[in-house]
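Okay, so here's the structure we're looking at.
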Amino acid sequence: MPKIVTVTNSMQRNYRYVLNEPAGKNFHSDFQPELTPKEMIDLGIFGGKYETVNDQEFPKIWFKKHQFTAGPKDPQKNFFKVSASQPLAVWQAKGWIYDEDPQGWFLWYCRYFMGRRLPDEDERQIKRWRAFRRHIAQVKKNCTKGDLSCRPRQRQALLHWAYDSRKI
């Protein structure tokens with residue numbers, strides 16, 4: 001039986017969606033993320049600032065190691081200790097934000113991981129995720145394998161997109 005989730009927070013009021021798939025299962029064949037949302041949060045992403053992703057909507061276990069805060073972004077909370085994300089206003093100006101997920105790709109991924117499926121939006125976001133792979137090639141070309149000090153900003157950005165740049 002599908003589960004209905006209702007979200008009310010600073011960016012969405014009574015937004016409802018249906019979980020049609022089991023959590024972490026039945027992903028599109030073109031979408032094979034290397035990290036789960038929990039693993040991403042545990043590693044340290046977005047400088048610890050991601051206001052609407054919280055344990056009210058997602059499993060509390062995701063936030064056992066790190067809590068997102070509404071306070072200022074702190075790059076020291078990122079795995080690579082650098083800032084690697086642009087302000088939400090930039091994402092909005094570039095048309096990267098879908099109304100259903102007002103904070104972008106990571107919120108889409110969290111909801112997708114939990115089992116929400118929106119075919120058109122899923123296709124758009126998976127296409128964006130695949131395009132981000134180009135950064136893997138740049139890290140491989142310019143860094144010695146395992147040198148995590150090489151291109152830390154690019155590596156951090158890859159973590160934000162569920163690519164495990166520690167393996168490159």
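Just so you know, residue 1 is the first one in the sequence shown, and it goes up from there. All values below were derived from every heavy atom in this structure, side-chain atoms included, with hydrogens, water molecules and symmetry-related copies excluded. Please read all numbers here as calculations on a predicted model, not as lab measurements.
If you check the side chains of Gln156 and Arg153, you find no donor sitting under 3.5 Å from an acceptor. In the model, Tyr17 has a side-chain atom that pairs as donor or acceptor with a side-chain atom of Glu57 under 3.5 Å.
Between the side chain of Asp164 and the main chain of Leu159, no donor-acceptor pair closer than 3.5 Å is present. Judged purely by atom type and a 3.5 angstrom limit, Thr8 uses its side chain to pair as donor or acceptor with the backbone of Asn14. No donor-acceptor pair under 3.5 Å is formed between the side chain of Arg111 and the backbone N or O of Leu19.
Taking the side chain as every heavy atom from C-beta outward, Pro102 and Tyr15 never approach each other to under 4.5 Å. Between Phe113 and Pro33 the shortest side-chain heavy-atom distance does not fall below 4.5 Å. Side-chain atoms of Arg128 and Gln125, non-hydrogen and from C-beta on, do get closer than 4.5 Å to each other. Between Ile136 and Lys140, some side-chain heavy-atom pair lies under the 4.5 Å cut-off. Looking at Leu107 and Phe58, their side chains come closer than 4.5 Å, going by heavy atoms from C-beta outward. Arg151 places a side-chain heavy atom less than 4.5 Å from the side chain of Asn142. Within the 4.5 Å cutoff, no side-chain heavy atoms of Glu100 are placed close to those of Glu121.
Centroid-to-centroid, the aromatic rings of Trp161 and Trp105 come within less than 6.0 Å. For Phe132 and Tyr163, the distance between ring centers is not under 6.0 angstrom. Side-chain rings of Phe106 and His160 stay apart, their centers remaining 6.0 Å or farther from each other.
Follow the hydrophobic side-chain contacts under 4.5 Å out from Leu148 and you reach Val82 in the same cluster. Under the 4.5 Å side-chain heavy-atom criterion for Ile, Leu, Val, Met, Phe, Trp and Tyr, Phe46 and Val90 are members of distinct hydrophobic clusters. When hydrophobic clusters are built by joining Ile, Leu, Val, Met, Phe, Trp and Tyr residues whose side-chain heavy atoms come closer than 4.5 Å, directly or via intermediates, Tyr112 is not grouped with Ile4.
The CZ atom of Phe79 lies 7.5 Å from the OG atom of Ser165; values are rounded to the nearest 0.5 Å. Within the model, atoms CZ of Arg155 and NZ of Lys167 stand 13.0 Å from one another, a figure rounded to the nearest 0.5 Å. In this structure, CD on Gln86 lies 9.5 Å from OG on Ser83, to the nearest 0.5 angstrom. The CG atom of Asn9 sits 7.5 Å away from atom CD of Gln103, with the distance rounded to the nearest 0.5 Å. A distance of 9.0 Å separates CG of Leu35 from CD1 of Ile45, quoted to the nearest 0.5 Å.
With respect to Leu158, the side-chain contact (heavy atoms from CB on, under 4.5 Å) criterion is satisfied by exactly one of His135, Arg133, Arg166, Glu34: His135.
Minimum heavy-atom separation, Met114 to Pro59: SD-CD, 3.8 Å. Between Trp129 and Asp30, the shortest heavy-atom contact is CZ3-O, 3.3 Å. Across every non-hydrogen atom of Pro2 and Val18, the tightest pair is CB-CG1, 3.5 Å. The heavy-atom pair separating Gln32 from Ser29 by the smallest distance is NE2-O, 3.6 Å.
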Trace of the side-chain contact (heavy atoms from CB on, under 4.5 Å) decision for Cys110 with Trp62: CA-CA 10 Å; Cys110 289; Trp62 287 11; 3.8 Å; yes

Q: Give the C-alpha distance, both sets of side-chain angles, the deciding distance and a yes or no for salt bridge (Lys or Arg N to Asp or Glu O under 4.0 Å) between Lys38 and Asp42.
A: CA-CA 6 Å; Lys38 180 192 182 315; Asp42 282 352; 2.5 Å; yes

As a quick check of understanding, evaluate side-chain contact (heavy atoms from CB on, under 4.5 Å) for Ile168 and Gln154, giving each step before the final call.
CA-CA 12 Å; Ile168 303 171; Gln154 207 161 26; over 6 Å; no

Trp108 and Ile126: side-chain contact (heavy atoms from CB on, under 4.5 Å), yes or no, with the steps? CA-CA 10 Å; Trp108 168 84; Ile126 291 168; 3.8 Å; yes

key: Worked verdict on Tyr98 versus Leu118 for side-chain contact (heavy atoms from CB on, under 4.5 Å)   = CA-CA 11 Å; Tyr98 177 68; Leu118 302 171; 4.0 Å; yes

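More than 12 heavy atoms of other residues, nucleotides or ligands sit less than 6.0 Å from atom CD of Gln92. Remark: Lys81 NZ is packed, more than 12 non-hydrogen atoms of other residues, nucleotides or ligands lying under 6.0 Å away. Other residues, nucleotides and ligands place more than 12 heavy atoms under 6.0 Å from the CG atom of Asn26. Environment of CZ in Arg124: crowded, with over 12 heavy atoms of neighbouring residues, nucleotides or ligands closer than 6.0 Å. In this structure, Arg16 places its CZ atom where only 12 or fewer heavy-atom neighbours from other residues, nucleotides or ligands lie under 6.0 Å away.
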